[in-house]
Each structure stands twice: as C-alpha cells, then as structure tokens.
*Asks:* 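Dumping the structure here so I can ask a few things about it.
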Amino acid sequence: MSKEITSREQDYSQWYIDLVLKAGLADYSAVKGCMVIKPYGYALWENMRDVLDKKFKDTGHQNAYFPLFIPKSFLSKEAAHIEGFAKECAVVTHYRLKNDPNGGGVIVDPEAKLEEELIVRPTSETIIWHTYKSWIKSYRDLPLLINQWANVVRWEMRTRLFLRTAEFLWQEGHTAHATEQEAIAETEQMLNVYADFAEQYMAMPVIKGVKTANERFAGAVETYCIEALMQDGKALQAGTSHFLGQNFAKAFDVTFLNKENKQESVWATSWGVSTRLIGALIMAHSDDDGLVLPPKLAPIQVVIVPIFKTVEQLNAIFEKIKPLMDELKAKGIRVKFDDGDNKSPGWKFAEYEMKGVPVRIAIGARDLENGTAEVARRDTKEKMSLQMLGLAEKLEHLLSQIQDNIFQKALQFRDENIVHVDTYDEFKKALNAKGGFLAAHWDGTSETEEKIKQETKATIRCIPLNNKQEEGKCIYSGKPSRQRVLFAVAY
RNA sequence: CGAGGUGUAGCGCAGUUGGUAGCGUACCUGGUUUGGGACCAGGGGGUCGUCAGUUCGAGCCUGGCCACCUCGACCA
C-alpha cells in the first residue's frame, strides 16, 4: 500500500508527520520552515476559525487588520517584549530588486535600502498599541475590544508541521480597558473561551492555569494558558491569554481621561491561538490508521460510499441516498457522496479513515433490497447495518456520540497521566516512564524551575487555576510550598 | 547553529569493481472488476538535491552548498 503510516509505537514523530502529509492537511514548501496548508487542512482551520470568530463576536469583539510590517523602532519600546522576540524576527531592509549587471538573475538593489528597517510581525502588540494611542482619548473610548486574524513570522531554528512553523496563521486579540479589574476579567474570559472551544469543539481536555515568570509572555504581567496532553506524554500549550498590565500603554504612551478628568494609563490584554491547534487536534485523537477528527470540526462529517457495478446501479443508489443527503444538509451536517469510479470501495474506506471522517456510510445492491445502509464510525471502527428509514436522526445522534466519546477517551487518558510525585527521584522516574503531567511541589523560585528544566527538560506548564492549597515541600530544594504545580516536557 | 542520518519518476525504494538508470505504486489508454487499499495488457513520466572537481566516461569518487528527518541548543 502506498499510504501506510508509521505506527505511534514505532516512531511517534514520524507518525505525526505521516498523518499530516498523507491525510492531505499540509505539505512542505520551497521555503525553509514554512508549510503549504492544503485544502483539507485549510477547511479544518476554517471550521475552527468560524467557531472562534463567532465566540469572539459574541463576547463583544470586532475584527480589524493591522500591517504585516512593523517599524524596527517600535520593537524597542517595551524592553521585555523585544527581549523575547528579537532573536526570531525577519527583517526587511530593501524595497527593490534589479537585474544583476553580471548576469546572475536578480539581486537586491543596494540603492533601495530602507531608511528604517521593517520587521515582519512576530505578534502585533507594538503596532497596535501605537495605533491605539490615537484611538483612545477618554474613558468613553474604552473598552476597546479588537481581534485580528493574521499571519505572523517567527524565525524558529527548528520547525515542525503545524506545531511550530516559521510563518503561521492565528488570531490575536488586543483589548484596552479603563481598569485593572476589567482587563483581568477580559483575560480570564478569553481563556475560558479557548478552554470551551478546546473541550467542546476539539474534544480535547485542557488544564487552565497561569504561567510562571520564566514561561510568561514577553511583556505580560500574567500569562494564562490552556495546556493539553498529547498521546506521547508531552504537553502542548494550546492557547494563551495575557494580562499586560499597563506595560504597553506606558511604552506607547496610551492614556485616557477618566470621569474625574484625570489622565490614566490604559490597561491591556492580548490573547491568541494559532494553526498549532491543528497539530494538537491531530495528536489528541488520531490512531495508527490515520486522523480521528471531532465531528464538530471535521470538514466532512459523513461520507457516503456507493458500491456499484454499473451506471444504472449508481443511479439507483443515488436516487435512494439523495433524500438522506438533503435531510442531512438541512440539519447542517457536512456530507460527501463519493461516486468516483476510479477507486474501489476498499480504497475509499481506507482513504476516509486516513482523513478521519467521523462516519462512513456504504450502500450497495444488497442494501437497496433490504432498505438498509452500512454505517461505520471512525472512532471505534464499529460497523452496523441500519434501516434507511429515520437514518438522518440516527446519524445526527451518532455524530454527537462520537464527539462525546473521543472527548471522554482523551479525558481519561489525560487524567490517567496526571501523576502526583513527592520526591525528585519519583519525578524523574515518572518522567522517564511515560511522561505526562507531574503534579509536584515547587518552592516558587525561577532558579529551581531552571535547574529542573536543565536536568530533566521538564518545565512548569502551569499553576492550575483554583488549585488545591496544601502544605508540602519542594521536590528539588525541600523548601516549603503551598500548592502543587504541573510539570511536563512540552512541545 | 552543533552531532548524526537521508536525498535517484508524484510517493516508497534498488542501482554491483565508475561504462550512460530500474522495481513497486501512482498516472494515461483499453478491457475485466467493485461489500476493506482489484486484475490483465499497453503507454507516458528522470537536468539521479545542487554547484564545482577528478576521469576518456560520474547516480557511484572528492569538496562546497541546499533541503528534510532524529537528537541537542532555541522557542508565548
């Protein structure tokens, strides 16, 4: 078979790459570290984007668009911010090419050097806060609730399809508020939007928490995050929501007059999720036969494979299946009828399993006689023969069952892989055994976190929100601790 | 960027002491098929990653570069 994929057991990384390439989600490109998102992968992203976009609008946000380029000087205005991003910025230095006088094709025209270099945005805080300065004068202009769907560039040394690419698609919300409490409430609200999306649509359980100082976003006062666990025991940061305090307002001099006619600095948040979520989705549910997609996001939710010998038979099947398709479409279910005659049914079965289509229907002469159809679900590989009568309702129900089932399965896996450890030995043993989230006491210092990272590669993924308070001792330093934090090796 | 590995048809690979490139699959045509990746026959498709060197002659030898993979370093 031309499309066999490496098993997870054999080589987890290769399995992931095989899935991305062979399911037709993305491809490598001519540009280092950049990928081509293929139609099937982009359809998945569109579905994710549409759901999130609605959630953003339902919480009062509006979309806008800011430039791809940022004047270099903007990046030097917030010290921590530039510290975090300087090492991975693409820089535009010239604006024109010309023919090489020595005949070597085109070269950069040395006379077309930019007065000030432009940075390809790694994130848009700086250009947006520069803009906000002119938009915000009074408390009446607040809150300002803006989201942008965009591409950004971070010149990563080592990339992985969807999980870390040099250019990626994302959304970035940037909000401005009159008070600290309101900005914090916004930060938490958006974290909840992300968590709900991850769990209800991606069927991927996440842990909500805050980052330690080491892991915090460059320029943030507090970084909230959702952390998910992948099947290989590594953690993946799936989304972040930052409370930026007044750092950017002060750096870009954004002030407003309050009701008492006094100048105050604006309070800020930013929050984002990216095409990395597709990587998370793949690793959360898929198996050695291919993708397993949650019905709510699957580009194709139900695929119908006719089994026929002649055009007459195909037509007869189509006649029979057309009302069902209409009914499914009326219910908003994405259905595909694959009547291609150059692939065998067996090939199609394997192909749609590879692509993670949640429900497959096979229908042939036998079914026409009996008034039935063979229904197969991707998550359990279960097949059943069902009556055509009332099938649309059953399929609708089945899709929600599948959605629920893969969430429960992922949840069970995640919960089984949260291990409480009380000594550094236990910690290292558990980490080597199967990874996962290690709930351990920590003395709260960056030094300890750094040392554990150097020795084990594990980092503190988050301090869970509403964390249980309990007396304990730091597994590394033995100093007193009031709560456990979650360590893991991360992507 | 460091260490290791790989690069030959869309994909997966073979290619002997250096002698002018092949297999499987995919693709095209015709026919037979179709309930788990069909079969037969015929056909098209290659600057052998790239640049240079050695040689009468390079897929094969030498060097530089590029891309990808794994592990580091780096990373919201």
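Computed from a predicted model, the values in this text were never measured in an experiment. So that the names make sense, note that chain A is the first sequence line, chain B the second, and so on, each numbered from 1.
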*Asks:* Looking at residues at least two apart in the chain, or sitting in another chain, which of them share a side-chain hydrogen bond (donor to acceptor under 3.5 Å, both in side chains) with Gln454(A)?
*Replies:* none

*Asks:* Which nucleotides of nucleotides 40-45 of chain B have their base under 4.0 Å from a protein heavy atom (B), which only their sugar-phosphate (S), and which neither (-), written as one string 5' to 3'?
*Replies:* ------

*Asks:* Can you tell which of Arg378(A), Arg8(A), Gln231(A) makes a side chain to side chain donor-acceptor pair (under 3.5 Å) with Asp287(A)?
*Replies:* Arg378(A)

*Asks:* Below the 4.0 Å mark, does U34(B) have OP1 or OP2 next to a side-chain nitrogen or oxygen of Ser344(A)?
*Replies:* no

*Asks:* Side-chain N or O of Lys309(A) less than 4.0 angstrom from OP1 or OP2 on U33(B)?
*Replies:* no

*Asks:* Do Ile128(A) and Ile146(A) have side chains that approach each other closer than 4.5 Å (heavy atoms only, starting at C-beta)?
*Replies:* no

*Asks:* State which residues pass side-chain contact (heavy atoms from CB on, under 4.5 Å) with Ala79(A); sequence neighbours excluded, sorted by chain then number.
*Replies:* none

*Asks:* Could you walk me through whether Phe427(A) and Phe487(A) pass the ring pair (Phe, Tyr, Trp, His ring centres under 6.0 Å) check?
*Replies:* CA-CA 9 Å; Phe427(A) 180 91; Phe487(A) 285 87; 5.1 Å; yes

*Asks:* Which of these, Glu125(A), Gln148(A), His61(A), sits in a side chain to side chain contact (heavy atoms under 4.5 Å, CB included) with His174(A)?
*Replies:* Glu125(A)

*Asks:* Partner lookup for G59(B), please. Criteria are Watson-Crick or G-U wobble with both distances under 3.5 angstrom; report none if nothing qualifies.
*Replies:* none

*Asks:* With Lys77(A) as the cation and Phe74(A) as the aromatic partner, state whether NZ or CZ is under 6.0 Å from the six-membered ring centre and within 45° of the axis.
*Replies:* yes

*Asks:* What integer number of Å spans the P atoms of G4(B) and G46(B)?
*Replies:* 36 Å

*Asks:* What interatomic distance, in whole Å, is found between P of G64(B) and the corresponding atom of G22(B)?
*Replies:* 32 Å

*Asks:* Mind checking the P distance from C11(B) to C68(B)? Whole angstroms is fine.
*Replies:* 15 Å

*Asks:* Please tabulate, for the side chains in residues 305-314 of chain A, all donor-acceptor contacts under 3.5 angstrom to protein atoms that are two or more places apart in sequence or on a different chain.
*Replies:*
| from | atom 1 | to | atom 2 | distance (Å) |
| --- | --- | --- | --- | --- |
| Thr310(A) | OG1 | Glu312(A) | N | 3.4 |
| Thr310(A) | OG1 | Gln313(A) | N | 3.0 |
| Gln313(A) | OE1 | Lys309(A) | N | 2.5 |
| Gln313(A) | OE1 | Thr310(A) | N | 3.2 |

*Asks:* Expressed in whole Å, how much space separates the P atoms belonging to U20(B) and U34(B)?
*Replies:* 46 Å

*Asks:* Nucleotide by nucleotide, 5' to 3', does protein get under 4.0 Å of the base (B), only the sugar-phosphate (S), or neither (-) in nucleotides 66-73 of chain B, counting heavy atoms?
*Replies:* -SSSSBBB

*Asks:* Using the C1' atom on both, measure A14(B) against U6(B) and round to a whole Å.
*Replies:* 15 Å

*Asks:* Under the side-chain contact (heavy atoms from CB on, under 4.5 Å) test, which residues partner Ser274(A), sequence neighbours left out?
*Replies:* Phe168(A), Trp170(A), Arg276(A)

*Asks:* For Trp347(A) and G36(B), give me the distance from atom CH2 to atom C1', rounded to whole Å.
*Replies:* 13 Å

*Asks:* What is the base-pairing partner of A38(B), counting Watson-Crick and G-U wobble geometry with both distances under 3.5 Å?
*Replies:* U32(B)

*Asks:* Please list, in numerical order, the residues of residues 358-382 of chain A that have a heavy atom closer than 4.0 Å to any atom of RNA chain B.
*Replies:* Arg360(A), Ala362(A), Gly364(A), Ala365(A), Arg366(A), Asp367(A), Glu374(A)

*Asks:* Please tabulate the protein-to-nucleotide N/O contacts below 3.5 Å involving nucleotides 27-29 of chain B, giving atom names and distances.
*Replies:*
| from | atom 1 | to | atom 2 | distance (Å) |
| --- | --- | --- | --- | --- |
| C27(B) | OP1 | Lys343(A) | NZ | 3.0 |

*Asks:* Taking ring pair (Phe, Tyr, Trp, His ring centres under 6.0 Å) as the test, write out the residues that go with Trp155(A), two or more places apart.
*Replies:* none

*Asks:* Should U20(B) form a Watson-Crick or G-U wobble pair with both distances under 3.5 Å, which nucleotide is its partner?
*Replies:* none

*Asks:* Please determine if Lys211(A) and Glu227(A) form a salt bridge, counting it only when a charged side-chain N lies under 4.0 Å from a carboxylate O.
*Replies:* yes

*Asks:* Taking the same atom, C1', in U54(B) and in G12(B), what whole-Å distance lies between them?
*Replies:* 33 Å

*Asks:* Using a cut-off of less than 4.0 Å, is there contact between a side-chain N or O of Lys348(A) and OP1 or OP2 of G36(B)?
*Replies:* no

*Asks:* Determine which nucleotide pairs with G2(B), using a 3.5 Å limit on both distances of a Watson-Crick or G-U wobble pair.
*Replies:* C71(B)

*Asks:* Suppose we define a pair by two distances each less than 3.5 Å, Watson-Crick or G-U wobble; what does G7(B) pair with here?
*Replies:* C66(B)

*Asks:* Please name all residues satisfying side-chain hydrogen bond (donor to acceptor under 3.5 Å, both in side chains) with Tyr424(A), sequence neighbours left out, ordered by chain then number.
*Replies:* Glu455(A)

*Asks:* So is Arg360(A) actually on top of Phe349(A)'s ring, under 6.0 Å and inside 45° of the axis?
*Replies:* yes

*Asks:* Taking atom P in both G37(B) and C51(B), compute the distance separating them and give it to the nearest angstrom.
*Replies:* 44 Å

*Asks:* Please measure how far the P atom in G5(B) lies from the corresponding atom in G10(B), and state the result in whole Å.
*Replies:* 27 Å

*Asks:* So, Thr372(A) and Gln387(A): side-chain donor and acceptor under 3.5 Å apart, yes or no?
*Replies:* no

*Asks:* State whether Asp289(A) and Lys381(A) are salt-bridged, where the test is any N-O pair (Lys NZ or Arg NE/NH1/NH2 against Asp/Glu carboxylate O) under 4.0 Å.
*Replies:* yes

*Asks:* Which pairs, protein N/O on one side and nucleotides 46-48 of chain B N/O on the other, fall under 3.5 Å?
*Replies:*
none

*Asks:* Considering only NZ, NE, NH1 and NH2 on the basic side and carboxylate oxygens on the acidic side, decide whether Glu215(A) and Arg461(A) come within less than 4.0 Å.
*Replies:* yes

*Asks:* Which residues satisfy the side-chain hydrogen bond (donor to acceptor under 3.5 Å, both in side chains) test with Gln301(A), sequence neighbours excluded?
*Replies:* none

